[in-house]
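Throughout, residue positions are numbered sequentially from 1 according to the sequence presented.
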Amino acid sequence: MEGNIVNSILDLYKEKNWRTIVSKYHNYPDRSKLLWVFPAEENFEFLSESIVKLGCDRILSIGCGSGLLEWIITEATGLPVSGVEVDGAWWHCKYAPPTFIPLILTTPNIDDNTTNLLRDSMSTALMFCYFNNGPAFFQYISKYSGSVLVIIGPGYGKGVHTDPSPFDDLGPEWKPYKLQEIRDSNDYIAIYKRNNLQLPLEP
């Protein structure tokens with residue numbers, strides 16, 4: 001990230017002005033240096049309404065990077081969002097980007113503390129945004145006790161690879177629930193639920 005952009009984002013962060021961040025920078029030429037995705041307000045509403053309907057009241061984001069998106073989600077929806085990252089040495093060095101939430105640091109093989117967190121997550125949705133490590137993804141969800149996955153990533157033809165993608169078949173245990181495009185970006189928020197999760201009755 002360029003220094004002036006970092007400083008601008010930090011100033012808006014200190015003001016809790018998440019709306020300006022997502023509205024001002026979603027068309028910025030180097031926006032991927034800031035965030036992979038810049039959801040609009042209706043996208044945050046979709047995310048919040050979907051996971052709350054499925055019984056979740058918080059989000060755990062795997063591979064959250066600086067945590068900027070996670071902080072924005074909390075500000076926009078009121079849902080607490082925590083973030084997990086690997087390589088604690090990098091995140092503590094002077095060259096690392098600023099962080100916007102406290103990071104839960106783990107190891108590539110997922111340490112015991114993170115494993116316990118995943119196993120104590122019945123009311124927590126597990127989120128992966130532009131994640132690109134399929135084996136690690138399946139390692140995380142194998143330890144996850146909850147029933148809701150959020151996968152954010154590119155649509156077909158975007159020219160960007162993620163693993164998983166929002167349209168992947170995650171196996172017999174998981175079923176697509178809802179999908180929404182982020183603005184007109186060909187990025188998507190995909191919600192998956194465990195097959196054994198019963199949907200609430202419509203009023």
Side-chain angles (χ1 to χ4, degrees), residues 18 36-37 39 43-92 96 99-153 162-166 168-179 189-201:
W18 63 270
W36 282 105
V37 294
N43 300 131
F44 292 120
E45 291 171 6
F46 165 80
L47 174 62
S48 177
E49 290 173 1
S50 297
I51 69 170
V52 168
K53 185 173 182 179
L54 294 175
C56 292
D57 58 13
R58 59 189 62 242
I59 298 171
L60 180 63
S61 176
I62 306 300
C64 65
S66 70
L68 179 56
L69 176 63
E70 290 70 16
W71 172 78
I72 292 172
I73 292 172
T74 295
E75 292 296 310
T77 68
L79 293 169
V81 186
S82 304
V84 173
E85 261 297 345
V86 297
D87 196 357
W90 161 247
W91 289 104
H92 286 120
T99 53
F100 297 86
I101 61 171
L103 301 181
I104 300 167
L105 296 172
T106 189
T107 60
N109 292 322
I110 311 179
D111 64 24
D112 290 342
N113 289 336
T114 307
T115 295
N116 291 335
L117 181 64
L118 291 164
R119 288 176 176 163
D120 189 27
S121 297
M122 291 297 292
S123 64
T124 302
L126 202 61
M127 184 172 82
F128 299 82
C129 178
Y130 264 76
F131 200 76
N132 203 11
N133 187 331
F137 168 77
F138 283 104
Q139 187 180 8
Y140 277 102
I141 66 172
S142 72
K143 299 175 184 293
Y144 170 55
S145 65
S147 299
V148 181
L149 298 177
V150 179
I151 298 175
I152 302 175
T162 61
D163 190 5
S165 86
D168 280 353
D169 181 351
L170 303 184
E173 193 172 2
W174 295 96
K175 180 179 180 179
Y177 172 61
K178 285 189 176 181
L179 181 77
I189 301 171
I191 314 290
Y192 289 76
K193 72 174 192 71
R194 283 195 197 270
N195 270 328
N196 62 2
L197 179 65
Q198 297 299 312
L199 293 176
L201 295 175

- Passes side chain to side chain donor-acceptor pair (under 3.5 Å), Thr77 versus Ser48? Steps please. CA-CA 6 Å; Thr77 68; Ser48 177; 4.9 Å; no

- Task: Give the intermediate values and the outcome of side chain to side chain donor-acceptor pair (under 3.5 Å) for residues Ser165 and Asp168.
- Result: CA-CA 5 Å; Ser165 86; Asp168 280 353; 3.0 Å; yes

Do [X] and [Y] make a side-chain contact, defined as non-hydrogen atoms from C-beta onward lying under 4.5 Å apart?
{"X": "Ile110", "Y": "Lys143", "answer": "yes"}
{"X": "Ile59", "Y": "Ile51", "answer": "yes"}
{"X": "Arg58", "Y": "Pro80", "answer": "yes"}
{"X": "Leu126", "Y": "Val150", "answer": "no"}
{"X": "Trp174", "Y": "Ile141", "answer": "yes"}
{"X": "Ile191", "Y": "Leu149", "answer": "no"}
{"X": "Leu179", "Y": "Tyr192", "answer": "no"}
{"X": "Ile152", "Y": "Met127", "answer": "yes"}

Minimum heavy-atom distance between [X] and [Y], given as atom pair plus value:
{"X": "Ala96", "Y": "Trp90", "value": "CB-O, 3.2 Å"}
{"X": "Cys56", "Y": "Ala125", "value": "SG-N, 3.6 Å"}
{"X": "Ser145", "Y": "Ser121", "value": "OG-N, 3.1 Å"}
{"X": "Leu170", "Y": "Phe138", "value": "O-CE2, 3.9 Å"}

What distance separates [X] [atom1] from [Y] [atom2], expressed to the nearest 0.5 Å?
{"X": "Leu60", "Y": "Cys64", "atom1": "CG", "atom2": "SG", "answer": "8.5 Å"}
{"X": "Leu54", "Y": "Ser147", "atom1": "CG", "atom2": "OG", "answer": "9.0 Å"}
{"X": "Lys53", "Y": "Lys193", "atom1": "NZ", "atom2": "NZ", "answer": "11.5 Å"}
{"X": "Ile104", "Y": "Asn113", "atom1": "CD1", "atom2": "CG", "answer": "9.5 Å"}
{"X": "Phe131", "Y": "Ile62", "atom1": "CZ", "atom2": "CD1", "answer": "7.5 Å"}
{"X": "Leu105", "Y": "Asp111", "atom1": "CG", "atom2": "CG", "answer": "9.0 Å"}

- Query: Aromatic ring centroids of Trp18 and Phe100 under 6.0 Å?
  - Reply: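 Distance test on ring centres: not under 6.0 Å, no.
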
Using modelled atom types only, decide if a donor and an acceptor are shared between the side chain of [X] and the backbone of [Y] within a distance under 3.5 Å.
{"X": "Gln139", "Y": "Asn109", "result": "yes"}
{"X": "Asp163", "Y": "Asn132", "result": "no"}
{"X": "Tyr130", "Y": "Val37", "result": "no"}
{"X": "Ser66", "Y": "Thr99", "result": "no"}
{"X": "Tyr144", "Y": "Thr124", "result": "yes"}
{"X": "Glu85", "Y": "Gly65", "result": "yes"}

- So Val86 and Thr107, side-chain contact (heavy atoms from CB on, under 4.5 Å) or not? Walk me through it. CA-CA 5 Å; Val86 297; Thr107 60; over 6 Å; no

- Over 12 non-hydrogen atoms of neighbours within 6.0 angstrom of CG in Asp120: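 It does not: Asp120 CG has 12 such atoms or fewer within range.
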
- Just by distance, with hydrogens left out, do Asp112 and Thr115 show a side-chain donor and acceptor under 3.5 Å apart?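 Note: Asp112 and Thr115 side chains miss the donor-acceptor criterion.
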
- Task: Please determine which of Leu79, Ile101, Val81, Leu69 meets the side chain to side chain contact (heavy atoms under 4.5 Å, CB included) test together with Thr74.
- Result: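 Result for side chain to side chain contact (heavy atoms under 4.5 Å, CB included) with Thr74: Val81.
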
